[in-house]
Amino acid sequence: MLKVSSLHVHYGTAHVLHGVYLEVGAGRIVCLIGRNGAGKSTTLKTIMGLVPATSGEILFEEQRIDAMAAHQVARLGVAYVPEDRRPFGSLSVEENIRVAAQASPHSDANGVREALAFFPVLEERSRQLAGSLSGGEQQMLVIARALVARPRLILLDEPTEGLAPGLVRSIRDGIMKTRTHGLSILLVEQNLSLALEVGDYFYVLSRGFVAFEGTSEELLAREDVIAEHLGVGRVKEALRSRE
């Protein structure tokens, strides 16, 4: 579905991505992990057309998209949920989702209801102003807002950052529900335990390079990779996820 090859990106004179490659198959959840500053968010923004690629190739369903603007990429069926939550605070939860539905050529009459159903708390608070929601509930809302467009691929950037454990579980459950809808996800996530729970395949990014790729089992078998590219403390986190 998505194939990124030899992707290089510069911010001015700074060379940020160095030949990044990755693939996301249909119905798969692929995790892009690494330390802060490794280039993960830049990779998502470049796929979405928000940051220009210096060189390389990005294919979505065999169509080249690396020269497209973000709105063109979105029309093809790619949704992007950035790490900074930006719901329309003066609109209700349901109105936020309806606005997104009206802007999408792929949504239909059932889209709003189905998007709310991914997160039961949003159904309960559908008439509540988005600005009055907690941070975790706002995160659920921006994910639901992306889902209403009926994308085939979702780019999720740090969806659980700063959230309490209970809200992390709700986000996880929503991500897992996408499997029943056949959606693909490219997930950037610092919570390694969560990533190992939901991910089918992993790419470890380090200083703009892909330092490792493999399944969760293959990653867990490489404590050296986890310690070097994610942090020594992450080894214990990974080992706990085995239990």
Side-chain angles (χ1 to χ4, degrees), residues 2 4-24 28-48 50-56 58 80-85 135-136 139 142-143 153-165 167-169 171-172 175 185-243:
L2 177 72
V4 177
S5 305
S6 302
L7 185 63
H8 290 260
V9 171
H10 288 76
Y11 286 144
T13 59
H15 197 170
V16 181
L17 298 184
H18 302 261
V20 167
Y21 62 89
L22 59 86
E23 293 189 29
V24 181
R28 305 274 285 175
I29 299 176
V30 174
C31 297
L32 184 61
I33 58 178
R35 296 178 187 269
N36 288 333
K40 307 183 298 299
S41 294
T42 297
T43 301
L44 296 193
K45 290 175 182 177
T46 306
I47 293 169
M48 195 65 210
L50 297 169
V51 171
T54 305
S55 62
I58 305 172
Y80 170 58
V81 181
E83 58 183 319
D84 53 332
R85 302 158 195 139
Q139 183 64 69
V142 294
I143 294 173
L153 171 67
I154 302 176
L155 310 177
L156 267 181
D157 196 355
E158 302 281 10
T160 69
E161 184 180 16
L163 301 186
L167 292 170
V168 170
R169 287 191 292 271
I171 298 291
R172 177 202 62 196
I175 291 172
I185 293 179
L186 179 56
L187 172 66
V188 168
E189 181 55 67
Q190 287 286 358
N191 185 327
L192 183 58
S193 296
L194 171 70
L196 289 167
E197 280 188 66
V198 304
D200 297 308
Y201 202 77
F202 293 77
Y203 291 88
V204 177
L205 209 58
S206 180
R207 300 183 181 89
F209 295 90
V210 175
F212 171 88
E213 66 167 299
T215 64
S216 58
E217 292 81 7
E218 291 168 333
L219 177 60
L220 285 167
R222 293 293 305 275
E223 293 183 23
D224 58 324
V225 170
I226 296 171
E228 180 178 357
H229 300 294
L230 302 176
V232 174
R234 296 301 180 90
V235 174
K236 291 182 180 179
E237 184 180 348
L239 293 175
R240 283 196 301 271
S241 71
R242 286 176 168 176
E243 301 173 358

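Any value given below was found using the heavy atoms of this structure, including those in side chains, with hydrogens, waters and symmetry copies removed. Source: prediction; values computed, not measured.
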CD-CZ distance between Glu197 and Arg172, expressed to the nearest 0.5 angstrom: 5.0 Å

Val24 and its side chain to side chain contact (heavy atoms under 4.5 Å, CB included) partner, picked from Ile154, Ile185, Leu2: Leu2

Name of the residue among Asp157, Leu205, Leu155 meeting side chain to side chain contact (heavy atoms under 4.5 Å, CB included) with Thr43: Leu205

Atom pair CD/CD of Gln190 and Glu158 - distance to nearest 0.5 Å: 4.5 Å

pair Leu22-Leu186: side-chain heavy atoms closer than 4.5 Å: yes

Side chain proximity check, Leu192 to Leu196, heavy atoms < 4.5 angstrom: yes

Straight-line distance of Glu218 CD to Glu213 CD, nearest 0.5 Å: 9.0 Å

Verdict with reasoning, Leu219 to Ile33, per side-chain contact (heavy atoms from CB on, under 4.5 Å): CA-CA 11 Å; Leu219 177 60; Ile33 58 178; 3.8 Å; yes

Lys40 side-chain N/O to Leu187 backbone N/O, donor-acceptor pair under 3.5 Å: no

Over all atoms of both residues, closest heavy-atom pair of Gly136 and Leu167: CA-CD1, 3.8 Å

Any donor-acceptor pair under 3.5 Å from His10 side chain to His15 backbone: no

CD1 on Ile171 to CG on Leu194, rounded to 0.5 Å: 9.0 Å

Qualifying residues under salt bridge (Lys or Arg N to Asp or Glu O under 4.0 Å), relative to Arg28, sequence neighbours excluded: none

Heavy-atom closest contact (Thr46 atom, Pro52 atom, distance): CG2-C, 4.5 Å

Rounded distance (nearest 0.5 Å) linking atom OG1 of Thr54 with atom OH of Tyr11: 10.0 Å

Nearest non-hydrogen partners of Ala195 and Cys31, listed with the distance: O-SG, 3.8 Å

Val81 side chain near Gln139 side chain, heavy-atom distance below 4.5 Å: yes

Shortest non-hydrogen separation from Ala211 to Ser206 and the atoms involved: CB-CB, 4.1 Å

Closest contact, heavy atoms only, Val30 versus Glu23: CG2-O, 3.7 Å

Nearest heavy-atom neighbours spanning Leu7 and Ala53: CD1-CB, 3.6 Å

Side-chain (Asp200) to main-chain (Ile29) donor-acceptor, under 3.5 angstrom: yes

Spacing of Asn191 atom CG and Leu163 atom CG [to the nearest 0.5 Å]: 9.5 Å

Summary of ring pair (Phe, Tyr, Trp, His ring centres under 6.0 Å) pairs that have at least one residue in residues 200-220, sequence neighbours excluded: His18-Phe209, Tyr201-Tyr203

